[in-house]
Amino acid sequence: MQLLRAVFINISLLVATFMCTPFAQARTQADDIEPVRVAVAANFAAPLRAIAEGFTGATGVNVIVTVSSSGTLFAQLQHGAQFDVFLSADKRRPLALAHQGVIHADNVVDYAVGQLAFVHRAKELSEENRSLSSQIETALSTGRIAIANPKLAPYGEAAKDTLQSLGLWNRATRQRVTGKNVLQTYQFFSTKSVSGAFIAYSLTPDIAKAPNSDSETITTALVPAHLHKPIVQSMAINSKHRAQLYPNVFDAKTPDFQHATQNLAIVDLFVQYVLSKHVQNQLSSWGYLGVELAAKANDAIGKRGEQ
């Protein structure tokens, strides 16, 4: 509840900030503007809904949100789905849309970096202070662990990287359960089908120590970033025309929404909002990192590819 309360307060302050600017004076002009249709990967659905609410509050433009897996949304876009923006859980699918000529080559933009967490049920509170390797081995000694499919899910690939980096991949072979995505992996854990799981940090409870009916404790460990490849999440702007994303209207000292709507596609304005400093600074509230770190993550990916 503390996390949700903090997120609500942050979004409320964000909306209030823009409502005190010239954006508020021009909101009535947004009544005739078509809503922005956004498709989002399930792991980012909650943040996106809050961001969409903030955008509507600041501009008066509605946002229609469709939630599904990145793979499903990707396939729909390949077959002509009329989404304006696609927020994927990875970078590969937006890039594929660009390579296939579905969208303009420059319409792929990083918007967040995901973080990986390991959760397991511990008998003692002191276990949360043990090393990640020890926590994983404890989970393996009492049951099975779950990861998302490394071939399909970026969080699954990161989990595999982590187990390999810790020398536990082979050790966990027979006790490893594979979910089709990170949400199913989380369900395996929440239904007690497994004793431990690698999930998106954004899915972890806001209180790490949450006793259950068996007097056990759910322990959450944020996986160090150096143990896996960066989980860069990118969006695709569904247009064959290059989106105008800079300069960012929302980062101006005195934003001029009336001028922006006359000179920018409303979809580009929404993307600018997602990339604005105000929104990017809120991502940690949902368990993500901002795009400045995404740039560093891309550099890391490039260096790994050269090795």
Side-chain angles (χ1 to χ4, degrees), residues 11 14-15 17-19 21-41 44-45 47-67 70 73-74 76-88 91 93-112 233-280 282-283 290-291 294:
I11 287 297
L14 189 153
V15 173
T17 297
F18 289 122
M19 289 295 286
T21 69
F23 279 81
Q25 301 172 10
R27 291 180 74 247
T28 55
Q29 299 182 13
D31 294 341
D32 297 329
I33 298 177
E34 289 292 321
V36 182
R37 296 158 296 182
V38 181
V40 61
F44 200 74
L48 191 277
R49 287 194 175 100
I51 291 169
E53 180 180 347
F55 178 75
T56 299
T59 66
V61 178
N62 291 321
V63 180
I64 298 174
V65 178
T66 299
V67 180
S70 294
L73 297 171
F74 171 71
Q76 291 177 355
L77 282 161
Q78 286 181 308
H79 291 86
Q82 297 301 302
F83 300 124
D84 296 311
V85 184
F86 165 42
L87 280 77
S88 180
K91 191 178 183 73
R93 291 181 177 89
L95 283 176
L97 292 172
H99 293 157
Q100 294 169 10
V102 177
I103 64 174
H104 191 281
D106 293 334
N107 284 1
V108 176
V109 187
D110 300 336
Y111 68 90
Q233 301 194 185
S234 299
M235 72 174 90
I237 298 109
N238 190 19
S239 173
K240 294 183 182 296
H241 300 286
R242 183 178 182 178
Q244 185 177 341
L245 304 182
Y246 306 100
N248 193 306
V249 174
F250 294 93
D251 289 340
K253 291 184 179 180
T254 55
D256 187 347
F257 178 59
Q258 182 175 357
H259 180 267
T261 54
Q262 292 174 349
N263 293 275
L264 284 175
I266 199 64
V267 174
D268 296 355
L269 193 64
F270 173 79
V271 174
Q272 287 194 15
Y273 184 78
V274 175
L275 300 177
S276 68
K277 294 178 181 178
H278 296 279
V279 171
Q280 289 293 305
Q282 307 306 317
L283 292 183
V291 291

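Looking only at side-chain heavy atoms (C-beta outward), V67 and R49 come within less than 4.5 Å of each other. Two residues are said to be in side-chain contact when any heavy atoms from C-beta on lie closer than 4.5 Å; R93 and L77 fail this criterion. In this structure, the side chains of T59 and F270 stay at 4.5 Å or more apart for every pair of heavy atoms. Two residues are said to be in side-chain contact when any heavy atoms from C-beta on lie closer than 4.5 Å; V109 and V274 fail this criterion. Between L73 and S88, the closest side-chain pair of non-hydrogen atoms is not below 4.5 Å. Using a 4.5 Å cut-off on side-chain heavy atoms (C-beta onward), I51 and Y273 make contact. A heavy-atom distance below 4.5 Å is not found between the side chains of T66 and R37.
Across Q100, H99, H104, a single residue satisfies side chain to side chain contact (heavy atoms under 4.5 Å, CB included) together with V102, and that is Q100.
Contact detail for P35 and D84: the closest heavy-atom pair is O-OD2, 3.9 Å. Nearest approach of A81 to N238, heavy atoms of both residues: O-ND2, 3.4 Å. Closest of all the heavy-atom pairs between S234 and V108 is CB-CG1, 4.1 Å. The minimum heavy-atom distance between L97 and Q78, with the atom names listed, is CD2-CG, 4.1 Å.
Distance check: K91 NZ to S70 OG gives 13.5 Å after rounding to the nearest 0.5 Å. The line from CE of M235 to CD1 of I103 is 11.5 Å long, rounded to the nearest 0.5 Å. A distance of 4.0 Å separates CZ in F250 from CG in L269, rounded to the nearest 0.5 Å.
Side chain of Q280 to main chain of V291: a donor-acceptor pair is present (N/O by atom type, distance under 3.5 Å, no hydrogens or angles). Of the possible donor and acceptor atoms, one in the side chain of D251 sits under 3.5 Å from a partner among the backbone N and O of K277. The backbone N or O of A243 lies less than 3.5 Å from a partner atom in the side chain of N107, making a donor-acceptor pair. Side chain of D268 to main chain of Q244: a donor-acceptor pair is present (N/O by atom type, distance under 3.5 Å, no hydrogens or angles). A distance-only check finds a donor-acceptor pair linking the side chain of Q272 to the backbone of V249 [under 3.5 Å].
Residue pairs meeting the salt bridge (charged side-chain N to carboxylate O under 4.0 Å, His left out) criterion with at least one partner in residues 54-63, sequence neighbours excluded, do not occur; the list is empty. Identified under the salt bridge (charged side-chain N to carboxylate O under 4.0 Å, His left out) test for residues 236-250, with sequence neighbours left out: D106-R242.
Judged as a ring pair (Phe, Tyr, Trp, His ring centres under 6.0 Å), and not counting sequence neighbours, the contacts of F44 are Y111, Y288.
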